[in-house]
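Working notes, structure below.
Proteins come first, then strands; the chains are lettered A, B, ... in the order of their sequence lines, and each starts at number 1.
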2 protein chains.
Amino acid sequence: MIDMAEQRSLADRRSDATREGIVEAAWRLSRQEGLTGWSLRRLADEVGLAAPSLYAYFDSKHAIYDVMFRQGYEQLDDIASRWGPAPGEPHRRAFKVAAAGFMEFCTSDPTRYQLMFQRVIPEFVPSADAYSASVANYERFRALLGELGVTDDRELDLWTAISTGLTDQQISNDPGGQRWFRLLDRAVDIFCDHVGIPPEPEGQR
Amino acid sequence: MIDMAEQRSLADRRSDATREGIVEAAWRLSRQEGLTGWSLRRLADEVGLAAPSLYAYFDSKHAIYDVMFRQGYEQLDDIASRWGPAPGEPHRRAFKVAAAGFMEFCTSDPTRYQLMFQRVIPEFVPSADAYSASVANYERFRALLGELGVTDDRELDLWTAISTGLTDQQISNDPGGQRWFRLLDRAVDIFCDHVGIPPEPEGQR
DNA sequence: GTCTATACACCGATAGAC
DNA sequence: GTCTATCGGTGTATAGAC
């Protein structure tokens with residue numbers, strides 16, 4: 001079967017490119033000026049359009065945030081798909097890799113983190129479509145921890161809290177630093193001891 | 001020495017009352033419509049003034065947020081002053097009381113929590129005066145945990161992350177519920193085991 | 001001194017010509 | 001699809017009545 005994208009007209013593909021350019025500019029402005037620190041007029045300037053022309057591509061400013069929200073979860077899903085215990089790898093080792101990967105993903109782009117995990121934009125609620133991307137991600141996360149030996153939902157909730165707590169402190173109180181990131185392995189060890197995931201063998205540590 | 005407040009004129013005290021009324025209305029609106037969900041015109045309506053009259057009491061909208069920010073930390077300091085081990089009370093017991101008190105303080109007023117602990121208002125930075133209230137509170141918190149047996153700064157950082165992580169999840173994902181609140185005692189136990197604060201005697205538990 | 005009235009520059013969003 | 005013009009908002013600020 002031919003890829004649907006191949007059948008799209010030149011005009012359609014040009015329109016898609018413009019749409020993408022708008023979203024890219026929105027990311028750029030959000031990282032520079034903060035998620036709510038730019039206006040549609042400023043965004044339009046950035047892509048060489050008049051402000052009302054943006055409404056040919058998006059119904060509202062929130063609709064732009066919505067695409068960004070979904071993109072964030074798609075990016076997380078991309079890297080999360082590479083987590084999980086390799087054959088013979090101790091589960092606690094895999095746990096640490098995944099935990100560090102998640103924290104690195106979050107702290108490497110605080111703006112994206114704010115959009116995905118905090119409610120920093122007044123009245124912005126993800127669309128059903130975008131929200132389902134976040135739910136899918138949570139299900140993947142739940143499956144991963146299940147594979148590593150976390151079967152109790154309460155333990156899952158506890159790790160969620162610890163993991164996002166460390167991330168939040170890192171971003172809020174030591175941006176660009178390592179203060180809370182350095183505590184991650186210790187946190188994983190404490191948690192794994194609690195839920196009964198065995199320690200890594202000394203030799204492999 | 002006579003209390004300075006006693007020497008204030010009637011006009012001054014009326015002015016203070018108006019000021020207080022404005023801040024109270026700001027809290028009310030913030031809880032109803034969100035921290036950034038109201039305008040100065042709306043606030044003025046609420047207290048029966050014209051919008052520009054607010055500038056007789058506050059230099060800007062941020063100045064109102066600043067007073068609210070400081071009040072939040074004063075309220076936290078009030079209840080935190082009652083935490084600490086009673087004579088003969090096991091440290092782990094006192095730890096749980098303080099941890100639950102903090103979490104209850106935060107979750108009981110999510111708007112206040114947002115203002116105090118998150119950066120949800122664009123470009124709002126607490127004044128030096130208000131900021132010092134938050135620093136004083138952190139120092140009290142550090143002293144309390146020191147009294148309970150947490151001497152390492154990294155352990156302090158770790159508990160900060162766990163505590164705010166649970167609180168954040170509770171507010172964001174189960175507002176009004178108990179889902180993460182119920183995990184608090186377990187988290188305290190895990191943490192206390194890790195730092196060597198002895199378990200509560202069975203009889204007192 | 002405290003108020004009303006008004007102006008400014010900006011915001012997200014819309015109408016309608018081309 | 002893109003534009004100009006405009007709408008009803010916003011935070012902010014000042015002039016001037018009383």
Charged N-O contact under 4.0 Å between B:Glu74 and B:Arg70: yes
If you restrict it to nitrogen or oxygen atoms, what contacts under 3.5 Å exist between nucleotides 3-7 of chain D and the protein, and what is each distance?
{"from": "D:dC3", "atom 1": "OP2", "to": "A:Ala50", "atom 2": "N", "distance (Å)": "2.6"}
{"from": "D:dC3", "atom 1": "OP2", "to": "A:Ser53", "atom 2": "OG", "distance (Å)": "2.7"}

Could you tell me how far apart A:Arg42 (CZ) and C:dA9 (C1') are, to the nearest whole angstrom? 17 Å
For residues A:Asp168 and A:Gln118, is any side-chain donor paired with an opposing acceptor at under 3.5 Å? yes
Please report, rounded to the nearest Å, how far the C1' atom of C:dG12 is from the CZ atom of A:Phe124. 16 Å
Tell me the interatomic distance from A:Lys61, atom NZ, to D:dG9, atom C1', rounded to whole angstroms. 14 Å
Without placing hydrogens or testing angles, list every side-chain donor-acceptor pair under 3.5 Å for residues 41-54 of chain B, not counting sequence neighbours.
{"from": "B:Arg42", "atom 1": "NH1", "to": "B:Glu46", "atom 2": "OE1", "distance (Å)": "2.7"}
{"from": "B:Ser53", "atom 1": "OG", "to": "B:Ala50", "atom 2": "O", "distance (Å)": "3.4"}

With sequence neighbours excluded, tell me which residues meet ring pair (Phe, Tyr, Trp, His ring centres under 6.0 Å) with B:Phe95. B:Trp159, B:Phe191
How many whole angstroms separate atom CG of B:Leu54 from atom P of D:dA13? 13 Å
Report the residue (A:Asp59 or A:Ser39) whose heavy-atom-nearest nucleotide on DNA chain C is the more 5′ of the two. A:Ser39
Output the rounded distance in Å from CD1 (B:Ile121) to C1' (D:dT10). 16 Å
State whether a side-chain donor-acceptor pair under 3.5 Å links B:Thr160 with A:Gln169. no
Taken to the nearest whole Å, CG/A:Leu43 to C1'/C:dG12 is 12 Å
How many Å lie between CZ on B:Phe58 and P on D:dT12, as a whole number? 13 Å
Under a 4.0 Å threshold between the charged nitrogen and the carboxylate oxygen, would B:Glu147 count as salt-bridged to B:Arg142? no
For A:Tyr55, which contact category applies under a 4.0 Å heavy-atom criterion: base, sugar-phosphate, or nothing? base
Measure the distance from CG on B:Leu40 to P on D:dG11 and round it to the nearest whole Å. 5 Å
